There are 2 protein chains.
Amino acid sequence: MAAEVAEQPSVWRRILEDGVPAACEASRRVAQAAPRFVQLAARGTSDHAATYAKYLAEIEHGLPCGLVSPSTMTVYRARPRLADVLHIAVSQSGGSPDLVHSVQVAREQGALTLAVTNDPDSPLATEAELHLDVLAGPERSVAATKTYTAQLLTLHLLFACLDRDGRPPHPQHLAVLRQLPAMAEELLGREGEVAAAAQRYRFAQRLVTTGRGYGYPTAAEAALKLMETCYLSAQAFSGADLLHGPLAMVDPQVPVIAVVPEGPAGDSMGPVLERLRERGADIYGVGSADAVAGTTLGIELPGGVPGPLSPMLEILPLQQLALHTALARGEDPDSPRGLRKVTETL
Amino acid sequence: MAAEVAEQPSVWRRILEDGVPAACEASRRVAQAAPRFVQLAARGTSDHAATYAKYLAEIEHGLPCGLVSPSTMTVYRARPRLADVLHIAVSQSGGSPDLVHSVQVAREQGALTLAVTNDPDSPLATEAELHLDVLAGPERSVAATKTYTAQLLTLHLLFACLDRDGRPPHPQHLAVLRQLPAMAEELLGREGEVAAAAQRYRFAQRLVTTGRGYGYPTAAEAALKLMETCYLSAQAFSGADLLHGPLAMVDPQVPVIAVVPEGPAGDSMGPVLERLRERGADIYGVGSADAVAGTTLGIELPGGVPGPLSPMLEILPLQQLALHTALARGEDPDSPRGLRKVTETL
């Protein structure tokens, strides 16, 4: 897990070097089909990349978007009418039968189907009309890390090309993207700070993560890493949903991780942080200098990163936090109990 | 809370008596608009009713459906293209500004808008083109109970009428619906069993709830009730998602509540229960006699209830369980710490 976390900047360089033409080609096909709705199917970590793509589709492209429950197609044999729908399945392995089935049904029902996987020979990649390889190289750790940010970047490129009718992203946009790997290296280099913070969660049994907008997928993915490696009950809430009920269970004994980057995602967390502070919550902030100053402790992200790119950076210290918290607790993050690398659900 | 839980059968009778014409009229307007995509906006308990409606739309009506993140419209000012979209906002109070805003934007962007609330004079009811009153009467408890099942039944009627082009549900279907209040009374009458089981969770700090398909909204709503009233870290997972990572944190110290009714929702939980038993999990089952026999303890639901109606019954003992667990822990379920009845998020 540690090696794969550290590998992310080089994976991103590979995607920005080799992945752009495929993203453009896929986006050309999508632009031709001119979908009016997007639906995404995914499980686990990939579901958080799908949630990121949902925000991209709705915010940047004005395309209404839904996350599919594969059970509607597999368990209930639903056959929705999917003309003018783009169906995107996201999966590291490309091997889960329910996702493969969702693509088969979506295709039969008239959707344009696109798979985003880390294995071009996988059943999912083969079954979908379009495939994007996230180019992360073999991932051995059960807790997915490099494939997650590779999915984010690949989905980002897809929508960036779609915005330009299948041409590559604007050179200025590409220049910003090309700064990300170096920013990631700088951020990952502050592992010592994160390892020290991890000691704080040595004896925690419960934890809450929260973020809004583009910060929400980060909160969800951080919670999953903590569940997988530290066996904490880590619950992710959108900042708004947290106030609609779950806030009651937050007290000073339940640590909170808040994703508070520059821009709307972080700004909209202001009232949430305020309510959390009223409840005496202990808050670890990941985000802008200003926001982190209002938390118990935290880590500052590089400045000037556009909101839709921030999730790739935000998750890095939180992957490290899960890893170091697991180690501090005497757990082995490389082989979480009860899990296999490829999970097959029907 | 206890009074409002007990009131549910009479609320359902009122809806089946007085609510059918309005559901038919709304469904006629929806049928005229012939939407090709449904999107739902809601928070908290109402979000679980929205999830139920998503399954109804996709499974029974072949309409692809998504849950909206209101932040895309409020925080990011997204203006998605919503022609041919039915936008349904679900809210007990009809008062949260972000939901009202989502309806305003959806309407401007070409969607047909429908509000489902417990207050016909609320801003949400006024802003939407169509409104369905869930007729639950004033709800005073912060933890929503009777408005939840009233939302489920009202949404069920809407889609049942839509299926019949705006005519009332088929008489046979109505006859089945009319059996539900008596079944609910019988089930609620077994409160003693549930109160005894609640003692088991007296000292629990963490808990997992799980279900699939139509059983998933029940799992999500049960977790929220336990968070609101008992301050437990209660996490809901679809059975499939549980296997994709979170399973690692389940051990014999983390109680599990499994929703396992007759039919596909319960049957598809078979492999999930098996994996949970392998991990030594303590499981409280709510469902069919067969499924409950394979759990540590549980409560059997009345037999012969169609899958799409089962969620209205499943939640009843789980509302009681939250209430009695709160009482056993010395908490006051009527005034959860840190919460107000109407939560306003932007």
Side-chain angles (χ1 to χ4, degrees), chain A residues 36-37 39 43-45 47 54-55 58-59 62-67 69-72 75-76 78-82 84-85 98 205-206 212-213 216 224 227-228 231-233 235 238 240-241 243-251 254 264-265 268 271 275 278-279 336-339 343 345-346, chain B residues 36-37 39 43-45 47 54-55 58-59 62-67 69-72 75-76 78-82 84-85 98 205-206 212-213 216 224 227-228 231-233 235 238 240-241 243-251 254 264-265 268 271 275 278-279 336-339 343 345-346:
Chain A
R36 297 181 53 200
F37 316 114
Q39 65 181 30
R43 294 279 184 201
T45 289
D47 203 29
K54 181 175 191 290
Y55 284 100
E58 292 184 342
I59 297 170
L63 269 168
C65 189
L67 298 177
S69 309
S71 70
T72 57
V75 174
Y76 291 99
R79 294 295 177 268
R81 297 177 292 278
L82 300 179
D84 298 330
V85 170
D98 52 354
Q205 291 302 308
R206 322 157 57 181
R212 273 196 94 179
Y216 175 64
L224 182 56
M227 284 189 268
E228 287 176 324
Y231 318 139
L232 276 163
S233 285
Q235 297 187 259
S238 96
D241 284 323
L243 303 187
H244 284 260
L247 183 70
M249 59 92 184
V250 177
D251 66 24
V254 179
S268 67
R275 292 288 297 279
E278 278 169 26
R279 297 216 34 74
R337 64 188 193 191
L339 297 184
T343 306
T345 45
L346 297 172
Chain B
R36 296 182 52 201
F37 195 75
Q39 65 181 29
R43 295 278 183 202
T45 289
D47 203 30
K54 181 175 192 289
Y55 284 100
E58 292 184 343
I59 297 171
L63 269 169
C65 189
L67 298 177
S69 310
S71 70
T72 57
V75 174
Y76 292 100
R79 293 296 176 266
R81 295 177 292 280
L82 300 179
D84 297 329
V85 169
D98 51 355
Q205 291 302 309
R206 320 157 57 180
R212 273 195 94 179
Y216 174 64
L224 181 56
M227 284 189 270
E228 287 176 323
Y231 318 139
L232 276 163
S233 285
Q235 296 187 262
S238 98
D241 284 323
L243 303 187
H244 283 261
L247 183 69
M249 58 92 180
V250 176
D251 66 25
V254 180
S268 67
R275 293 287 296 280
E278 278 169 28
R279 299 219 30 77
R337 67 187 191 191
L339 297 185
T343 307
T345 46
L346 297 172

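Labels below follow one simple rule: chain letters A, B, ... track the order of the sequence lines, proteins then strands, and each chain is numbered from 1. Just so it is clear, the structure is predicted and the values come from calculations on it, not from any experiment.
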Legend entry - When Ser233(A), Pro64(A), Gly338(A), Gly66(A) are compared by non-hydrogen pairs under 4.5 Å with chain B, the top option: Ser233(A)

Legend entry - Residue, of Leu243(A), Leu247(A), Val85(A), that accumulates the most heavy atom pairs under 4.5 Å with chain B: Leu243(A)

Inset, instruction - Using a strict 4.0 Å threshold on nitrogen-to-oxygen distance, state whether Asp251(A) and Arg279(A) make a salt bridge. - result: no

Legend entry - Top of Pro336(A), Ser69(A), Pro70(A) for chain B proximity - count of heavy-atom pairs under 4.5 angstrom: Ser69(A)

Legend entry - Distance, nearest 0.5 Å, that separates CG of Leu67(B) from NZ of Lys54(B): 6.0 Å

Inset, instruction - Heavy-atom pairs under 4.5 Å with chain A are the metric here; pick the option from Val254(B), Leu232(B), Leu63(B) that has the most. - result: Leu232(B)

Inset, instruction - Give, as side chain, backbone, both or neither, the part of Val250(B) having an atom under 4.5 angstrom from any heavy atom of chain A. - result: backbone

Inset, instruction - Could you tell me which portion of Leu224(B) (side chain, backbone, both or neither) has an atom closer than 4.5 angstrom to a non-hydrogen atom of chain A? - result: side chain

Inset, instruction - Just give me the residue among Met227(A), Arg79(A), Gln205(A) that pairs up with chain B most often, heavy atom to heavy atom, under 4.5 Å. - result: Met227(A)

Inset, instruction - First locate atom CD1 of Ile59(A), then atom OG of Ser71(B), and finally report the distance between them rounded to the nearest 0.5 Å. - result: 6.0 Å

Legend entry - Ala248(B) to Arg337(A) - nearest heavy-atom pair and separation: O-NE, 2.6 Å

Legend entry - Per-residue contact mode, Ser268(A) against chain B (heavy atom under 4.5 angstrom): side chain

Legend entry - Value rounded to 0.5 Å, distance of OG1 in Thr343(B) from CZ in Arg43(B): 10.5 Å

Legend entry - Engaged part of Gln39(B) at the chain A interface, taking heavy atoms whose separation is under 4.5 Å: side chain

Legend entry - Partner residues of Tyr216(B) under the ring-ring contact (aromatic ring centres under 6.0 Å, His included) criterion, sequence neighbours left out: none

Inset, instruction - Answer with side chain, backbone, both or neither: which region of Thr45(B) has an atom nearer than 4.5 Å to a non-hydrogen atom of chain A? - result: neither

Legend entry - Pairs of heavy atoms under 4.5 Å with chain A: top-ranked of Pro264(B), Pro271(B), Ala265(B): Pro264(B)

Inset, instruction - Go through the atoms of Arg36(B) and report whether side chain, backbone, both or neither lie under 4.5 Å from a heavy atom of chain A. - result: both

Legend entry - Inter-residue atom distance Met249(B).CE - Arg206(A).CZ, 0.5 Å rounding: 12.0 Å

Inset, instruction - Name the option with the most non-hydrogen atom pairs under 4.5 Å to chain B; the candidates are Arg275(A), Glu278(A), His244(A). - result: His244(A)

Inset, instruction - Name the option with the most non-hydrogen atom pairs under 4.5 Å to chain B; the candidates are Cys65(A), Gly44(A), Ala240(A), Ala78(A). - result: Ala240(A)

Inset, instruction - List in chain and number order the residues that pass ring-ring contact (aromatic ring centres under 6.0 Å, His included) with Tyr231(A), two or more places apart in sequence or in another chain; answer none if no residue qualifies. - result: none

Legend entry - From Phe37(B) atom CZ to Asp84(B) atom CG, the distance as rounded to the nearest 0.5 Å: 11.5 Å

Legend entry - Heavy-atom contact with chain A under 4.5 Å, split by part of Leu82(B): side chain

